[in-house]
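When reading the values below, keep in mind they use all heavy atoms of this one structure, side chains included, and skip hydrogens, waters and symmetry mates. Treat the numbers as computed from the prediction; the structure is a model and nothing was measured.
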Amino acid sequence: MLEEVERWLIERSWSVADRPLHRILAAKRASGQSVSVVLPALDEEATVGGIVSVIRHDLVLQVPLVDEVVVIDSGSTDRTAEAAAAAGARVVHRDAILPRIPAVPGKGEVLWRSLLVTHGDIVCFVDADLRDFSSDFVTGIVGPLLTDPGIQLVKAMYDRPMTLADGSTTGAGAGQGGRVTELMARPLLNMHWPQLAGFVQPLGGEYAARRGLLEQLPFPVGYGVELGMLVDALHLVGLDALAQVDVGVRKHRHQDGQALGRMAAAIYRTAQLRLARAHLLRPSLTQFERAGDAFEPRTYSVDTEERPPMRDIAEYTARQVA
């Protein structure tokens with residue numbers, strides 16, 4: 001590990017307990033900064049309402065830390081939107097944001113569009129499939145941004161217990177990232193961007209950043225958004241402007257191996273573009289499923305589109321002026 005990263009781990013890796021809530025609130029009052037929490041959601045009826053309820057109870061009603069909670073519905077076919085609204089979130093459908101640019105499927109697409117319908121100086125992203133959610137996820141990653149003007153982006157780090165078939169969890173995975181992190185993202189970062197080797201959960205969906213940084217970043221439309229954002233932020237603001245906070249344990253729905261394969265392909269593509277800015281020769285991934293006595297191929301497109309920095313979008317610029 002680079003000496004620079006060893007130093008960074010000491011100076012820019014914290015625990016949620018390092019910044020008590022009263023200190024964060026005092027910093028927010030003194031700075032006048034506002035905080036938006038965004039949940040990208042696709043068919044998360046079972047969990048999204050609980051997450052929104054915890055954030056609103058702990059950080060809106062009990063203490064005035066969060067100024068708005070916005071759920072961006074990415075085309076759910078269940079009652080995700082209804083559950084989020086009933087819990088107190090403002091729900092916006094992805095397709096209603098910037099309609100002149102047709103939306104494409106993907107998490108990054110939703111995060112990019114969220115900048116147009118939120119107003120916080122600090123934007124905090126939280127995945128909508130978390131179970132046993134704690135508001136520490138929000139206070140942990142927002143705290144450094146409110147208390148240290150030199151910090152631009154903060155990632156959550158946590159243990160990820162594996163969920164077994166019966167719904168119970170195992171301690172396997174303590175201190176580790178997910179399967180795509182360990183098999184794809186971490187090797188890529190260590191080899192090509194070793195300054196980022198200290199991030200425990202580089203692909204984690206819980207992170208917060210200053211709006212001024214987010215509006216300068218391109219957004220890969222799919223699963224590559226987290227890796228792309230981390231790499232681009234490193235080049236734009238430097239390692240010392242990035243940080244991570246230990247928020248405990250993250251429990252969520254695990255995906256099957258083929259879904260993870262598609263995720264890994266998108267992440268590799270995001271890294272490849274940043275390494276060479278070249279074109280993929282074949283932006284697709286073929287996987288196999290058993291069909292009777294044979295294996296049947298299934299080919300999926302690897303998302304190759306990226307959204308430009310939001311500051312280049314006329315509607316966003318007009319909103320800022322207004």
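With respect to the salt-bridge test (charged N to carboxylate O, under 4.0 angstrom), the residues Arg186 and Glu182 qualify. Under the 4.0 Å criterion applied to side-chain N and carboxylate O atoms, Arg7 and Glu11 are assigned as salt-bridge partners. Residues Arg269 and Glu306 are paired through a salt bridge, judged by an N-O separation under 4.0 Å between the basic side chain and the carboxylate.
Annotation: side chain to side chain contact (heavy atoms under 4.5 Å, CB included) contacts of His192 (sequence neighbours excluded): Leu188, Leu275. Partners of His22 by side chain to side chain contact (heavy atoms under 4.5 Å, CB included), not counting sequence neighbours, listed by chain and number: Pro20. Residues meeting the ring-ring contact (aromatic ring centres under 6.0 Å, His included) test with Trp8, sequence neighbours left out: Phe199. Residues satisfying the side chain to side chain contact (heavy atoms under 4.5 Å, CB included) criterion with Asp78, sequence neighbours excluded, are Asp43, Glu45, Ser76, Thr80.
Residues Val92 and Asp73 fail the side-chain proximity criterion, which asks for heavy atoms closer than 4.5 Å. Taking 4.5 Å as the limit, every side-chain heavy atom of Asp159 sits out of range of all side-chain heavy atoms of Arg250. Here the side chains of Tyr207 and Cys124 are not in contact, with every heavy-atom distance at 4.5 Å or above. Between Val180 and Tyr223, the closest side-chain pair of non-hydrogen atoms is not below 4.5 Å. The shortest side-chain heavy-atom distance between Ile55 and Phe133 falls under the 4.5 Å cut-off. Side-chain contact check for Ile72 versus Ile97: some heavy-atom pair is nearer than 4.5 Å. Between Val70 and Ser114 the shortest side-chain heavy-atom distance does not fall below 4.5 Å. The shortest side-chain heavy-atom distance between Val110 and Leu42 does not fall under the 4.5 Å cut-off.
Shown here for Tyr158 and Gly205, the closest heavy-atom pair between the two residues is OH-N, 4.1 Å. Heavy atoms only, all atoms of each residue included: Ala233 and Leu153 are closest at CB-CD1, 4.4 Å. The two residues Ala85 and Val91 have their closest heavy-atom pair at N-CG2, 3.7 Å. What you find for Ala209 and Leu145 is that their closest heavy atoms are N-CD1, 3.7 Å. The minimum heavy-atom distance between Val48 and Ala83, with the atom names listed, is CG1-CB, 4.1 Å. Annotation for Val5 and Pro194: closest pair CG2-O, 3.4 Å, computed over non-hydrogen atoms.
If you check the side chains of Asp246 and Ser15, you find no donor sitting under 3.5 Å from an acceptor. Side chains of Arg131 and Thr47: no donor on one and acceptor on the other come within 3.5 Å.
Residue pairs satisfying the side-chain hydrogen bond (donor to acceptor under 3.5 Å, both in side chains) criterion with at least one member in residues 49-69, sequence neighbours excluded, are listed as follows: Lys28-Asp67, Ser36-Glu68, Asp58-Ser135, Glu68-Arg90. Screening residues 94-111 for side-chain hydrogen bond (donor to acceptor under 3.5 Å, both in side chains) gives Ser74-Arg94, Arg100-Glu315, Lys107-Asp127, Lys107-Glu226, Glu109-Arg113, Glu109-Arg307 as the qualifying pairs, with residues at least two apart or on separate chains.
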For Thr118 and Arg211, what are the C-alpha separation, side-chain angles and deciding distance, and is it a side-chain hydrogen bond (donor to acceptor under 3.5 Å, both in side chains)? CA-CA 10 Å; Thr118 55; Arg211 178 175 293 272; 2.8 Å; yes
List the steps, then state whether side-chain contact (heavy atoms from CB on, under 4.5 Å) holds for Gln244 with Val200. CA-CA 8 Å; Gln244 60 185 350; Val200 176; 3.9 Å; yes
Under the criterion side-chain contact (heavy atoms from CB on, under 4.5 Å), I'd like the reasoning laid out for Ile151 against Val154: C-alpha separation, chi angles, the key distance, then a yes or no. CA-CA 8 Å; Ile151 301 298; Val154 182; 3.5 Å; yes
Report the C-alpha separation of Gln216 and Arg311 in whole Å, then their side-chain angles, then the decisive distance to 0.1 Å, and conclude whether the side-chain contact (heavy atoms from CB on, under 4.5 Å) test is met. CA-CA 6 Å; Gln216 297 180 68; Arg311 66 180 182 182; 3.5 Å; yes
Apply salt bridge (Lys or Arg N to Asp or Glu O under 4.0 Å) to the pair Arg274 and Asp232, showing each step before the final yes or no. CA-CA 9 Å; Arg274 278 152 180 78; Asp232 293 339; 2.9 Å; yes
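Between the side chain of Glu6 and the backbone N or O of Leu2, no donor-acceptor pair lies under 3.5 Å. With hydrogens and angles ignored, the 3.5 Å screen pairs no side-chain donor or acceptor of Arg210 with any backbone N or O of Gln152.
Under the 4.5 Å side-chain contact rule for hydrophobic residues, Val221 and Leu230 do not share a cluster. Hydrophobic clustering, with ILVMFWY side chains joined whenever heavy atoms are under 4.5 angstrom apart, keeps Leu203 apart from Val249. Under the 4.5 Å side-chain contact rule for hydrophobic residues, Leu227 and Leu183 do not share a cluster. Follow the hydrophobic side-chain contacts under 4.5 Å out from Leu116 and you reach Met229 in the same cluster.
To the nearest 0.5 Å, the span separating CG on Leu217 from CH2 on Trp112 amounts to 13.0 Å. In this structure, Leu196 CG and Leu239 CG are separated by 7.0 Å, a value rounded to the nearest 0.5 Å. The distance from the CG atom of Asp312 to the OG1 atom of Thr317 is 7.5 Å, given to the nearest 0.5 Å. Rounding to the nearest 0.5 Å gives a distance of 9.5 Å between CG of Leu189 and CD1 of Ile267.
Of the residues listed (Leu25, Leu59, Val247), the one engaging Thr139 in a side chain to side chain contact (heavy atoms under 4.5 Å, CB included) is Leu59, and it is the only one.
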